[in-house]
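All remarks here apply to the structure that follows.
Labels below follow one simple rule: chain letters A, B, ... track the order of the sequence lines, proteins then strands, and each chain is numbered from 1.
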There are 2 protein chains.
Amino acid sequence: MYAYVSFMEHDIFKALADPTRRAIFEKLAAAGMNASALREGMAISQPAMSQHLAVLRTARLVREERQGRFVNYEVDPDGLALIAQWLAKYRAYWPARIDALKDLLRDMDQ
Amino acid sequence: MYAYVSFMEHDIFKALADPTRRAIFEKLAAAGMNASALREGMAISQPAMSQHLAVLRTARLVREERQGRFVNYEVDPDGLALIAQWLAKYRAYWPARIDALKDLLRDMDQ
DNA sequence: GAGTCAGATAAGTGTATGCTTATGTTTCTT
DNA sequence: AAGAAACATAAGCATACACTTATCTGACTC
């Protein structure tokens, strides 16, 4: 069981280590869209985008939904949940004062 | 200001993309210790450890405290805070409760 | 002061990674 | 049925990265 988590954890951090993929993820967080729409204003080739999306998919940071010949992408909460889980392990070290962090903590505490 | 955050963000995800560095960080989260103590049971050369610690330091995931000829390392809350901040941006996508996390883990267990 | 110990840095090397061009696959249009 | 559009995949290449061995720096001991 934890082996799976470790693999996923590795995939996630690997995926987020690339600035282009973080930008793609951020764009998808604002609104789900297909790969072509994602490319707009991003100076990235079609194969490169496809490869990045594959990495994000493997990390469960993003999920696809086929719609005819389009593939709509959106944020997959599972990946974010795993990051939250990883972060929660080190909760003892978070600075207590930052308001945003308090919100974070409260939400994860439920 | 936000430029600094972006740089730091990149350093952090790059740093955590390596499994050895995640292991080092995890060990330090359990207890602060010097570089030699960190190496114990880790099958890693002295220069490699030193290089990994430099990366973690740059990412502000870890901080050093010289003590004579020893250098004691410990978790730096600043790095964790930046991850929490990053994660907070996507709070809208988190599974509503921890139960969802448990479901995820169970699913991954198959 | 000489030797030793903890750790950092330098330089070189094999592999991983992100890109490119080319091509494949599926769906839609006409 | 033929072409085009939306993606995915394959193969090749240049760079980044994590490791190695060798050397350097600074602090402690004798």
Requested in this report: Would you indicate which nucleotide in D:dT20, C:dC28, C:dA8 comes nearest to any side-chain atom of B:E64?
Outcome: C:dA8
Query raised in the report: Is B:Q46 side chain donor-acceptor paired with the D:dT21 base, going by distance under 3.5 Å alone?
Result: no
Report summary line: Assign each of A:G68 and A:A43 the nucleotide of DNA chain C bearing its closest heavy atom; nearer the 5' end lies the nucleotide of A:A43
Query raised in the report: Toward the 5' end of DNA chain C, which comes first, A:K14 or A:A48, by nearest nucleotide?
Result: A:K14
Query raised in the report: Has B:H52 got a side-chain N or O lying under 4.0 Å from the OP1 or OP2 atom of D:dC17?
Result: no
Query raised in the report: So what does A:S50 hit on the nucleic acid, given a heavy-atom distance under 4.0 Å: a base, only sugar-phosphate, or nothing?
Result: base
Report task. Write down the distance between CG (B:N34) and C1' (D:dC28), rounded to a whole number of angstrom. Result -> 15 Å
Report task. Please state whether the phosphate of D:dT20, meaning OP1 or OP2, lies under 4.0 angstrom from any side-chain nitrogen or oxygen of B:S45. Result -> yes
**Report entry** C:dA8 phosphate, OP1 or OP2, under 4.0 Å from B:R57 side-chain N/O
**Finding:** yes
Report task. Return the orientation label for the A:W86 and B:F25 ring planes: parallel under 30°, perpendicular over 60°, tilted otherwise. Result -> parallel
**Report entry** C:dT25 OP1/OP2 closer than 4.0 Å to side-chain N/O of A:R66
**Finding:** no
Requested in this report: Please state whether the phosphate of C:dA8, meaning OP1 or OP2, lies under 4.0 angstrom from any side-chain nitrogen or oxygen of B:Y73.
Outcome: yes
Query raised in the report: Do A:Y93 side-chain atoms and B:A29 backbone N/O form a donor-acceptor pair below 3.5 Å?
Result: yes
